[in-house]
There are 2 protein chains.
Amino acid sequence: MARKFKITNNIRKLRFFANEMTQQELAKKAEVSRQTVNAIEASKYSPSLELAFRIADAFGVKIGDVFDYEVKGE
Amino acid sequence: MARKFKITNNIRKLRFFANEMTQQELAKKAEVSRQTVNAIEASKYSPSLELAFRIADAFGVKIGDVFDYEVKGE
DNA sequence: ACATTTTGTCAAGTATATTAGACATTGTTT
DNA sequence: AAACAATGTCTAATATACTTGACAAAATGT
C-alpha cells in the first residue's frame, strides 16, 4: 500500500558551511532558478535526480550527503 | 553554458546480482510501473529523486551505488 | 532611518516523469 | 512447434518539476 517516503536535505547547513553561500549563488552553480532552490531547500517538493546531482556537485559532496529519505511509519 | 550531465545506472547489474531479479519484480518493490523501470534501466530518462531512492532501497544499497553522473565534455 | 540584499511566495506557462493499455520480439520450457 | 515469461516500444493521459516575472517580508549594511 504505497509506503510513503519523506525526502530531507541539508542544503541550509551546506550553504552555511560554504561560507554562507546564498540561494542565488547555489542556483547559479547548479544552473537552476533561485525559486527552485528555495522550494527544494524548504522541502516544498523534491528535485529530479539530475538536479539533485548538480546541487551535490555545487557543494562538492556526494548526493547522499545532501539528500536523505525516511520511510514514513515503519 | 549549461554543462550537460549524463546519468548512468547499474540497474541491470544489480538485478543480476539479486538473483536475476526481473524488471517486473523490481517495479513492484519500488512501487512503480514496469515500463518506467524499463525506461530508466535503458537510460531513456532519469527518475525523480524519490524514485531513485526507492530503487536503491529495493536493492538494499545506497543511491550512489545505483546512479552516477558524468559531466559531458570536461 | 534609508538603501540593498536575501529570502519567501504566487501565478501561469513549459518541460519532463510516470501511468495504463496494448502489441511485437526474444528467450525459455515442455 | 506451441506455450509462457520477460523485455522492448508506442501512444495518450495525468502528475510533478522547473521556469520567468513580479512583489512583499525579513535581514544586513551604511
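A, B, ... follow the sequence lines: proteins, then strands. Residue 1 opens every chain.
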As an exercise, state the distance from CZ of A:R15 to CE of A:M21, rounded to the nearest 0.5 Å. 9.0 Å
Within the 4.5 Å heavy-atom criterion, are B:N9 and B:S43 side-chain neighbours or not? yes
Ignoring backbone atoms, establish whether A:R15 has a side-chain N or O less than 4.0 Å from OP1 or OP2 of C:dT7. yes
Distance below 4.0 Å between B:Q23 side-chain N/O and D:dG8 OP1 or OP2: yes
Run the numbers on A:D68 and A:I7 for side chain to side chain contact (heavy atoms under 4.5 Å, CB included), then give the verdict. CA-CA 6 Å; A:D68 206 352; A:I7 294 190; over 6 Å; no
Mark up nucleotides 14-22 of chain D, 5' to 3', with B wherever a protein heavy atom is under 4.0 angstrom from a base atom, S wherever such an atom reaches only the sugar-phosphate, and - elsewhere. ---SBBBBB
Between C1' on D:dA27 and CD on A:Q24, what's the gap in Å once rounded to a whole number? 16 Å
Looking at B:T36, B:N10, B:I11, which hits side-chain contact (heavy atoms from CB on, under 4.5 Å) with B:E41? B:I11
Please test B:I63 against A:Y69 for side chain to side chain contact (heavy atoms under 4.5 Å, CB included), starting from the C-alpha separation and ending with a verdict. CA-CA 10 Å; B:I63 195 171; A:Y69 80 116; over 6 Å; no
Hey, can you pull the donor-acceptor pairs under 3.5 Å for the side chains in residues 44-55 of chain B, sequence neighbours left out?
from	atom 1	to	atom 2	distance (Å)
B:S48	OG	B:L51	N	3.1
B:R54	NH1	B:A30	O	2.8
B:R54	NH1	B:E31	O	3.0

Students should find that the end-to-end axis angle of the helix from C:dA1-D:dT30 to C:dT30-D:dA1, with five pairs defining each axis and rounding to 10 degrees, is 50°
For B:N38 and D:dG8, is the shortest distance between a side-chain N/O and OP1 or OP2 below 4.0 Å? yes
Nearest 0.5 Å please: distance from the CZ atom of A:F17 over to the CZ atom of A:R12. 10.5 Å
Determine, stepwise, if the pair A:E25 / A:R34 fulfils salt bridge (Lys or Arg N to Asp or Glu O under 4.0 Å). CA-CA 8 Å; A:E25 288 170 316; A:R34 181 184 71 79; over 6 Å; no
